[in-house]
Structures are given as structure tokens and as C-alpha cells.
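Here's the structure, in C-alpha cells; my notes come after.
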Amino acid sequence: VLYRFFDHRWSPFVTAFAGVSQVDADVPTTQRDEIDLNRASGGLGGGLLVDVGSRVGLRVELRGSWTNLTAEFDSELEQVEGSAGVRVRF
């Protein structure tokens with residue numbers, strides 16, 4: 001889900017998501033050597049949309065995500081990523 005606060009030349013936005021992450025890894029553990037799991041995940045983010053012209057814009061975003069792995073590893077998987085790009089409307 002992406003929500004723009006207002007529709008001006010500079011427009012901040014927030015994003016949110018929830019879903020399921022598939023974890024498929026070969027790691028040495030005491031119980032088994034292969035891990036194949038489906039676990040709950042979600043995340044939040046935000047950014048800025050900048051309209052340069054009527055059909056061209058820039059987008060900058062920072063997003064964090066989380067996956068629950070407490071049952072198997074007594075920890076969680078957390079990730080932060082950023083992106084920037086050019087938008088073109090046809």
C-alpha cells in the first residue's frame with residue numbers, strides 16, 4: 001500500500017506491507033541441515049516523489065522489513081533498503 005499525503009510537486013509518501021516470506025537455506029544446525037520455512041513478514045517505509053515535469057519525476061524511498069524466525073533460530077531477520085529512480089508517465 002502506498003499513501004501520498006498530498007498531490008503537489010513535492011509529495012511525501014508512506015508504504016506498508018504484510019505477507020509471508022519463504023526461507024530456503026542450507027545452514028548447519030543441530031536439528032537438520034536444510035531449512036525450508038514460510039514465516040510471517042511485514043514492513044514500513046517512506047519517501048518522496050518529486051515531479052520534474054508533467055510526465056517525468058524522481059522517487060526516493062527508504063524501507064525496512066522484518067521476518068519472524070523466533071521458533072527456529074530465536075531471532076528475527078531485519079533488513080533496510082533504499083532506492084532512487086526516475087518515473088516516466090506515458
Side-chain angles (χ1 to χ4, degrees):
V1 175
L2 183 141
Y3 176 75
R4 290 179 76 164
F5 289 103
F6 44 82
D7 194 17
H8 297 297
R9 184 165 182 232
W10 296 78
S11 181
F13 66 90
V14 294
T15 60
F17 66 91
V20 175
S21 293
Q22 182 179 10
V23 179
D24 186 6
D26 294 328
V27 292
T29 65
T30 58
Q31 297 173 353
R32 57 183 186 241
D33 291 334
E34 285 190 25
I35 304 295
D36 188 11
L37 309 167
N38 292 320
R39 291 292 176 254
S41 62
L44 295 171
L48 184 66
L49 297 171
V50 181
D51 291 329
V52 178
S54 63
R55 298 188 178 272
V56 178
L58 303 174
R59 176 178 170 148
V60 179
E61 181 177 2
L62 186 63
R63 178 175 41 214
S65 62
W66 160 87
T67 301
N68 181 10
L69 296 174
T70 55
E72 287 75 20
F73 300 106
D74 196 27
S75 68
E76 298 172 348
L77 175 63
E78 298 164 348
Q79 178 178 332
V80 176
E81 61 187 68
S83 64
V86 176
R87 306 183 307 141
V88 179
R89 253 189 299 203
F90 296 99

First locate atom CZ of Arg63, then atom OG1 of Thr15, and finally report the distance between them rounded to the nearest 0.5 Å. 6.0 Å
Side-chain heavy atoms of Leu58 within contact of Leu49, under 4.5 Å: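 SC-SC contact between Leu58 and Leu49 ruled out.
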Looking at Gly64 and Phe17, what are the two nearest heavy atoms and their distance? O-CE2, 4.4 Å
So which atom in Leu48 and which in Trp10 form the shortest heavy-atom distance, rounded to 0.1 Å?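 What the structure gives for the nearest pair is CD2-CE3, 3.4 Å.
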Linking I/L/V/M/F/W/Y whenever any side-chain heavy atoms sit under 4.5 Å apart, do Val56 and Val50 land together?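 Val56 clusters together with Val50.
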When Ile, Leu, Val, Met, Phe, Trp and Tyr are grouped by side-chain heavy atoms lying under 4.5 Å apart, directly or through other members, which residues fall in the same group as Leu44? none
Got a sec, which pairs hit salt bridge (charged side-chain N to carboxylate O under 4.0 Å, His left out) with one end in residues 43-56, sequence neighbours left out? Asp51-Arg87
With sequence neighbours excluded, what pairs up with Ser41 under the side chain to side chain donor-acceptor pair (under 3.5 Å) test? Ser21
